[in-house]
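Contents: one structure, followed by commentary.
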Amino acid sequence: MTTATHDHDHDHDHHGPAKGITRWLYTTNHKDIGTMYLWFSFAMFLLGGTFAMVIRAELFQPGLQLVSPEFFNQMTTMHGLVMVFGAVMPAFVGLANWMIPMMIGAPDMALPRMNNLSFWILPFAFALLVSTLFMEGGGPNFGWTFYAPLSTTYAPPSTTYFIFAVHIMGASSIMGAINIVATILNMRAPGMTMMKMPLFVWTWLITSYLLIAVMPVLAGVVTMMLFDIHFATSFFDAAGGGSPILFQHLFWFFGHPEVYIMILPAFGIVSAIIPAFARKPLFGYSSMVYATASIAFLSFIVWGHHMFTVGIPFLGQAFFMWSTMLIAVPTGVKVFNWVTTMFRGSMTFETPMLFALAFVVLFTIGGFSGLMLAVAPVDFQYHDTYFVVAHFHYVLVPGAVFSIMAAVYYWLPKWSGRMYNETMGKVHFWLSFVGVNILFFPQHFLGLAGMPRRIPDYALQFTNFNMISSVGGFLFGLSQLLFLYIVVHTVVAGKKAPAKPWDGAEGLEWTVDSPAPYHTFSTPPKIN
Amino acid sequence: MQRKLLRGSLALPALLIGSWAQAGWQLNMPRGVTDISHQVYDLHMLTLWVCVVIGVLVFGVMFYSMYKHRKSKGAVSADFHESTKVELAWTLIPAAVIFGIGVKATYVLADMYNVDDAEMTVEVVGYQWRWRYRYLSDDPDTEVTFFSNMATDWDEINNLVDKNPNYLLDVDEPMVLPTGTKVRFILTSADVIHSWWVPALAVKKDAVPGIANEAWTIINEPGTYRGQCTELCGKDHGFMPVVVEAVTPEEFDAWLAVKQDEARQMAELTGRDWSMAELMERGQSVYNTSCASCHQVDGSGNAPTFPALRGSDYVRGDIDDVIDIILNGKRGSMMPAFRDQLSEVDTAAVTTYIRNAWGNNVGDMVTPVDILDIKAGQ
Ligand SMILES: [Cu+2]
């Protein structure tokens, strides 16, 4: 007995978290790193949100009121870059870090030191990116899609820093993805076969492959830009024999899978939460896996649908239209499966479930507008208007971002050992839900009525819906401060949470204490 | 800034009422005025209704479950979680629906790509931040070319005066087209990528440097159709509207005849003999409208950004260098390229003017025909 106690203490001495700042700087613990990713992404979410508030304030009424067109363009660009690369992607990586080892019964990530590196280069990348706003000539002003030659020959001098920042983000993502693949393929507890893995693990496995495949292409594109800018090459310069269209092909070969990188993990989260609160197993688990894989495959052959107006020949145009419309089929399967999971369940509506349900409805609305955009001849009318803005914000905000919020409410008791305040959680949900719809739904109308995207000022007939949209934007933006408050309040003063606060929840993560001990599954769990 | 904000907020109620009156509540895509735009509209509505029906079904089941199968109502959960038949059904049925839409769309697409048998061709060139329209013609002397600039006053944009109804959608010279005629567009750009869009025609095509894109239209009804550049093209992307004025073929011919006459006169002007005095006189007025904003009326410039032309060694040096910088501008500086903005006559005049005005007194001159040769050689 004495020896056993001694061993136990000994264990703690060596394996508990270090004290002070070095705990966070040197940590190789997946939970610590997950936590840092999540806080970092939330900080970026607020920063990118601030940029969005500037945009919505300027667009509140016609005329130029607050900012110059030059600065407006920097805001739209930075908003996109920060939200995509700083908020959504790191949030999902943070969730992967926290949850994947616990879901598959592994003690940690497979490559813990690399894990530390892939997080810690991110703050530098974003410091670099944001610092361009204070440089002479301003920051990137060519949109998050940075089409050449606006981003090369005609770009501000700070573009070189932008390129370097993108390189660092790419390196971070690739390392994160390799780590996740290595963890899932090698570190599953005995008996945890592939087809027993929770869907969140599956979707992240597939997402990782997408990342590994396309991030190098992004790195290639920005490197070609660097050469065009500094070393007199002309990859994208028509005057030197290059082509601006080449840029777009390369960018969207990265960019389209990228949008699935931002949504597949969300599918995984929702597939965990809906069964938990419907108290009924997920309908069609294996079809969910196959649907995810098909979506991932199709995501490589549809990039041309972002380029319907650049003058692709008829056959190419038709190909991209058909392949894009095809994606609606596996995506539909997912939605049908979620709804059928709810059917004849025994449902309750705690905050995570509310966010998950809103995800299903609003993501589907984004999917509908996606199907409409896929129809090439009609896309000529939608392309580069607010209709597109509405479409991708529906899939990204009440899509990806809501899934992240659902995940935070769902797993926060596990992470912190404390329960959030349910009433406040619901208030946050309803404010966000109402805000997001007031913000983005009218943008469909604006686009159909003919308002182009990325303009700092607009014709008078667009005034009403822009005002409404801005009001929704402010509401949605402010509600996120409540989210911050709720999380902080939970962590410092929430009620103690049991190991399994949700009676319908399934999965290994609920078999360990709350908060999850610093080390879990040092000896692999038994899976039947 | 403060004042502007205040004005803005005071203007708000008036603005709201004003926009009510203008029916600023358009929800849907315009049906347009071409057969293609009608087909596009129908396809849009078809897809929209398909989505609505699917949405009602799916969300219907979902809301039904949320209402009926809730724990608080004592619902006990069932245990089913797989059915190959159901899965197959909801894979194949949507696939069939999509196939239907796809076939219809492919036909419309093929139609849009068929530029054969065009009766006339207009070249559209995007510039930062305006459009240049050129009506192609077999006789280069009567080729009609002009720039189309936004005509909205910057005071309106800066909220200093009231905004007129076509705020941001007005140009100094619209593209004029005949109704009932198949018009082909060739689109390209002189700098970055732009995109030329007229919603009522359902024509949107990117203007890409180094690439010539094609599109076409047949406008059914006379009228003024407005659109905007839809590809982010830099600072003033929001300020490069497109206006097409469709008139009857007779009116169009009359318009074209006038424009061709102007072109012919210009060609004559280029070809005729010019005296030094004539060039100087014309040069002065060109200089004052096109150059003085940066280089000042007296050629003294505005150091350090805008060099003085008076007494400049550059201006008084090799004439070919002077013509070159005027035609092509200077990369990386504010000096614009005037190649397409000034006619041969004006280029010759302004070159002669700056070399001889303000005591520069080089004493030589260059004729419009010389400029034509230099442009042709570049
Ligand atoms: Cu443009």
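The chains referred to below are lettered A, B, ... by the order of the sequence lines, with proteins before strands, and numbering in each begins at 1. Nothing here was measured: the structure is a model prediction, and the numbers come from that model.
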* Does any heavy atom of chain A fall under 4.5 Å from the side chain of B:Leu48, the backbone, both, or neither of them? -> both

* **Proximal component of B:Leu169, with respect to chain A [non-hydrogen, under 4.5 Å]** => side chain

* Quick one: of B:Ile157, B:Ile93, B:Val40, who has the most non-hydrogen atom pairs under 4.5 Å with chain A? -> B:Ile157

* Of the backbone (N, CA, C, O) and the side chain (C-beta and beyond), which part of A:Leu373 lies under 4.5 Å from a heavy atom of chain B, both, or neither? -> neither

* Asked: Which answer fits B:Trp154, side chain, backbone, both or neither, if we ask what part of it has an atom under 4.5 Å from a heavy atom of chain A?
  -> side chain

* Is there a donor-acceptor contact under 3.5 Å from the side chain of A:Asn141 to the main chain of B:Gly234? -> no

* Given a strict heavy-atom distance threshold of 4.5 Å, which part of B:Thr152 is in contact with chain A: side chain, backbone, both, or neither? -> neither

* Below 4.5 Å from any heavy atom of chain B, which atoms of A:Thr76 appear? Answer side chain, backbone, both or neither. => neither

* Asked: How about B:Glu82 and A:Ser286: does a side-chain donor come under 3.5 Å of a side-chain acceptor?
  -> yes

* Is it the side chain or the backbone of B:Glu214 that comes within 4.5 Å of chain A heavy atoms, both, or neither? -> neither

* Asked: In terms of the angle between their ring planes, are A:Phe336 and B:Trp90 parallel, tilted or perpendicular, with boundaries placed at 30° and 60°?
  -> tilted

* **Nearest-0.5 Å distance, OG of residue B:Ser37 to CD of residue A:Gln381** => 7.5 Å

* Answer with side chain, backbone, both or neither: which region of B:Tyr167 has an atom nearer than 4.5 Å to a non-hydrogen atom of chain A? => both

* To do: Could you please spell out the steps behind the ring pair (Phe, Tyr, Trp, His ring centres under 6.0 Å) verdict for B:Trp25 and A:Phe462?
  => CA-CA 8 Å; B:Trp25 297 101; A:Phe462 305 129; over 10 Å; no

* Asked: For the candidates B:Asp111, B:Ile193, B:Val97, which exhibits the highest count of non-hydrogen atom pairs separated by less than 4.5 Å from chain A?
  -> B:Ile193

* Measure distances from A:Leu150 to the heavy atoms of chain B and classify the residue's part below 4.5 Å as side chain, backbone, both or neither. => both

* **Contact class of B:Val208 relative to chain A, heavy atoms under 4.5 angstrom** => side chain

* **Whether over 12 other heavy atoms sit under 6.0 Å from B:Lys73 NZ** => yes

* To do: Could you look at A:Pro456 and say if it's the side chain, the backbone, both or neither that has a heavy atom under 4.5 Å from chain B?
  => side chain

* Part of B:Met62 lying under 4.5 Å from any heavy atom of chain A -> both

* What is the distance from atom CD of A:Gln61 to atom NZ of B:Lys163, rounded to the nearest 0.5 Å? -> 7.5 Å

* Go through the atoms of B:Asn114 and report whether side chain, backbone, both or neither lie under 4.5 Å from a heavy atom of chain A. => neither

* Is a side-chain donor or acceptor of A:Ser346 paired with a backbone partner of B:Ala75 at a separation under 3.5 angstrom? -> yes

* Main-chain N/O of A:Pro452 paired with B:Thr230 side-chain donor or acceptor, under 3.5 Å -> no

* To do: Answer with side chain, backbone, both or neither: which region of B:Asp191 has an atom nearer than 4.5 Å to a non-hydrogen atom of chain A?
  => both

* Asked: chain A: which of B:Leu46, B:Val103, B:Asp236 shares the most heavy-atom pairs with it under 4.5 Å?
  -> B:Val103

* To do: Output the distance between atom CD1 (A:Ile455) and atom CG (B:Leu232), rounded to the nearest 0.5 Å.
  => 11.0 Å

* Crowded around B:Phe80 CZ? As in, over 12 foreign heavy atoms under 6.0 Å? -> yes

* **Region of A:Phe349 that comes under 4.5 Å of a non-hydrogen atom in chain B** => side chain

* **Reported CE-to-OG1 distance for the pair A:Met321 and B:Thr106, which is rounded to 0.5 angstrom** => 3.5 Å

* Asked: Would a distance-only check, ignoring hydrogens and angles, find a side-chain to backbone donor-acceptor pair under 3.5 Å from B:Asn213 to A:Val310?
  -> yes

* **Other residues, nucleotides, ligands: >12 heavy atoms within 6.0 Å of B:Arg70 CZ** => yes

* **Heavy-atom proximity to chain B below 4.5 Å, by part of A:Leu357** => both

* Working to the nearest 0.5 Å, report the span between OH of A:Tyr154 and SG of B:Cys233. => 11.5 Å

* Asked: Is a side-chain N or O of B:Lys204 found less than 3.5 angstrom from the main chain of A:His383, in a donor-acceptor match?
  -> yes

* **Atom group of A:Thr341 that falls short of 4.5 Å from chain B, counting heavy atoms** => neither

* Check whether A:Phe314 gets within reach of chain B through its side chain, its backbone, both or neither, counting any heavy atom under 4.5 Å. => both

* To do: May I ask you to test the B:Val192-A:Tyr147 pair for a side-chain heavy-atom distance under 4.5 Å?
  => no

* Below 4.5 Å from any heavy atom of chain A, which atoms of B:Ile54 appear? Answer side chain, backbone, both or neither. => both

* Top residue by heavy-atom pair count (under 4.5 Å) with chain A, among B:Gly32, B:Pro209, B:Ser72, B:Gly210? -> B:Pro209

* **Among B:Gly238, B:Ala105, B:Pro241, B:Ala78, residue most engaged with chain A (heavy-atom pairs, under 4.5 Å)** => B:Ala78

* Structure fact -> Bottom line for A:Ala278: the part with an atom under 4.5 Å from chain B's heavy atoms is backbone

* Which bit of B:Phe239 comes within less than 4.5 Å of chain A, counting heavy atoms only: side chain, backbone, both or neither? -> side chain

* Structure fact -> Looking only at B:Lys104, B:Glu156, B:His237, B:Arg226, the option with the highest number of non-hydrogen pairs under 4.5 Å against chain A is B:His237

* **chain A contact via B:Ala110 - which portion, at a heavy-atom distance below 4.5 Å** => both

* Looking at the rings of A:Tyr285 and B:His81, which for Trp means the six-membered one, are their centres under 6.0 Å apart? -> no

* At a heavy-atom separation under 4.5 Å, does A:Ala148 approach chain B through its side chain, its backbone, both, or neither? -> backbone

* Parallel, tilted or perpendicular: ring planes of B:Phe99 versus A:Trp322, cut at 30 and 60 degrees -> tilted

* Pairwise distance CZ(A:Arg279) to NE2(B:His69) - rounded to 0.5 angstrom -> 14.5 Å

* **B:Asn28 atom CG: more than 12 heavy-atom contacts under 6.0 Å** => yes

